[in-house]
Amino acid sequence: MPKMIVSIDGVVIKEVQLTKDRTTLGRRPYNDIVIDNLAVSGEHAVLQMSGQEVYLEDLNSTNGTYVNGKAVKKQLLQNNDTVEIGKYKIKFISEAAGPTFEKTMILKAGAVPPPVAKPATAPAPAGAPTQAGELAAQTASIKVLSGAAAGRQVPLVKVVTTIGKPGVAVAAITKRPHGFVVAHVEGSNKPTLNGAAISADPVTLKNGDMLELAGTQMQFVQA
């Protein structure tokens, strides 16, 4: 489902799913996306959704509407386009949304790096564990213990899973051959693991470990 991620000075302040054929944007409180700033007109722009396509149309606003730095009157938005209104940047995401813990909490999988060619080696003895086998055997999940999504359990099926709130506290959980590690990625508030702040240096996760990000408590569960 398409969505708009509103930020200012690199800090995400809201995330809005586009569920209607017509979504209005402006300073007045009756708009679907409200940006309370004098640089934004009362009725600044409208997003019109037709099937999988989303068109942005400027409503003769005072300061104009920009897409990727260019002033527009009406334009079809592409995935990752950035709409600029005053100092605000609104990123358009057309990809299917992944599971989320809360409205502003993210959970996304990182890209898997391409395999590196290795020189041929003698086959491993029968029954010996292989790195690929060990990686596949590792199964774990994150269980949300507090907040609006309490009780939700999200499997860690990707190589890299990012959890947290953009601009507040974000951590990355990486799946490695011998287990899972967690590291602080961004945000002024560092996530904690069992009460201790997490740095950018990866820390190994153990079954039952308690994570806290931006006030949301989670538990690492490994099978």
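Note: hydrogens, waters and symmetry copies are ignored here, and every other heavy atom, side chains too, is used.
- A side-chain donor-acceptor contact under 3.5 Å links Ser141 and Gln153.
- Inter-residue side-chain proximity for Val182 and Thr174 is flagged as unmet; no heavy-atom pair is nearer than 4.5 Å.
- Under the 4.5 Å side-chain criterion, counting only non-hydrogen atoms from C-beta, Leu213 is in contact with Met218.
- The NZ atom of Lys175 sits 10.0 Å away from the NZ atom of Lys158 when rounded to the nearest 0.5 Å.
- Side-chain contact between Tyr88 and Ile13 is present, with at least one heavy-atom pair separated by less than 4.5 Å.
- Rounded to the nearest 0.5 angstrom, Ile33 CD1 and His44 NE2 are separated by 12.0 Å.
- Under a hydrophobic clustering in which Ile, Leu, Val, Met, Phe, Trp and Tyr are joined whenever their side-chain heavy atoms come within less than 4.5 Å, directly or via other members, Val72 and Val83 fall into the same cluster.
- Judged by distance alone, the side chain of Asn63 and the main-chain N or O of Ala39 form a donor-acceptor pair under 3.5 Å.
- A side-chain donor-acceptor contact under 3.5 Å links Asn194 to the backbone of Met210.
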Tell me, with the steps shown, if Phe92 and Val54 meet side chain to side chain contact (heavy atoms under 4.5 Å, CB included).
CA-CA 9 Å; Phe92 172 69; Val54 176; 3.8 Å; yes
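- Within the 4.5 Å cutoff, the side chain of Pro2 has heavy atoms near those of the Met49 side chain.
- A distance of 5.0 Å separates OG1 in Thr23 from CG in Leu18, rounded to the nearest 0.5 Å.
- Using a 4.5 Å heavy-atom cutoff, the side chains of Gln48 and Glu57 are in contact.
- Here the straight-line distance linking atom CD1 of Ile142 with atom CD1 of Ile173 works out to 3.5 Å at 0.5 Å rounding.
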Show your working on side chain to side chain contact (heavy atoms under 4.5 Å, CB included) between Lys190 and Ile198 and close with a plain yes or no.
CA-CA 6 Å; Lys190 288 188 176 182; Ile198 301 172; 5.9 Å; no
Show the numbers, then the answer: is there a salt bridge (charged side-chain N to carboxylate O under 4.0 Å, His left out) between Asp58 and Lys73?
CA-CA 5 Å; Asp58 182 79; Lys73 283 299 181 183; 3.7 Å; yes
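- In terms of modelled atom types and a separation under 3.5 Å, the side chain of Asn37 and the main chain of Gly86 share no donor-acceptor contact.
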Could you give me the CA-CA distance, side-chain angles and deciding distance for Ile90 and Leu25, then say whether side chain to side chain contact (heavy atoms under 4.5 Å, CB included) is met?
CA-CA 11 Å; Ile90 309 172; Leu25 186 155; 3.4 Å; yes
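- Side-chain contact check for Arg22 versus Val46: some heavy-atom pair is nearer than 4.5 Å.
- Among all heavy-atom pairs drawn from Lys206 and Phe220, the shortest one is O-CD2, 3.2 Å.
- Looking at Arg27, its side chain does come within 3.5 Å of a backbone N or O of Val40 through a donor-acceptor pair.
- To the nearest 0.5 Å, the span separating CG on Leu145 from CZ on Arg152 amounts to 13.5 Å.
- Side-chain atoms of Leu76 and Glu53, non-hydrogen and from C-beta on, do get closer than 4.5 Å to each other.
- Listed for the Ser199 side chain is a donor-acceptor partner under 3.5 Å among the backbone atoms of Asp201.
- Nearest heavy-atom pair across Lys89 and Thr82 is CB-CG2, 3.9 Å.
- Asp32 has a carboxylate O that lies under 4.0 Å from a charged side-chain N of Lys20, or vice versa, which qualifies the two as a salt bridge.
- For Lys3 and Glu15, the salt-bridge test passes: some basic side-chain N is under 4.0 Å from an acidic carboxylate O.
- Side-chain contact check for Ser7 versus Lys14: every heavy-atom pair is 4.5 Å or farther apart.
- Cluster membership check: Val34 does not share its hydrophobic cluster with Val6, using side-chain heavy-atom separations under 4.5 Å among Ile, Leu, Val, Met, Phe, Trp and Tyr.
- Summarising the geometry, atom CG belonging to Leu211 is positioned 10.5 Å from atom CD belonging to Gln217; distances are rounded to the nearest 0.5 Å.
- Ser41 places a side-chain N or O within 3.5 Å of a backbone atom of Thr62 that can act as its donor or acceptor partner.
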Could you go step by step and tell me if Glu43 and Tyr30 meet the side chain to side chain contact (heavy atoms under 4.5 Å, CB included) rule?
CA-CA 9 Å; Glu43 297 176 0; Tyr30 52 75; 2.8 Å; yes
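- Note that Lys74 lies in the cation-pi zone of Tyr55, set by a 6.0 Å cut-off to the ring centre and a 45° limit from the axis.
- Screening Leu156, Val181, Val221, Leu193 for a side-chain contact (heavy atoms from CB on, under 4.5 Å) with Leu205, the sole residue that qualifies is Leu193.
- Connection of Val16 to Ile8 is established within a shared hydrophobic cluster, with ILVMFWY side chains joined at heavy-atom distances below 4.5 Å, either directly or through further cluster members.
- Side-chain heavy atoms closer than 4.5 Å link hydrophobic residues (I, L, V, M, F, W, Y) into clusters, and following such links, even through other members, never connects Leu59 to Leu47.
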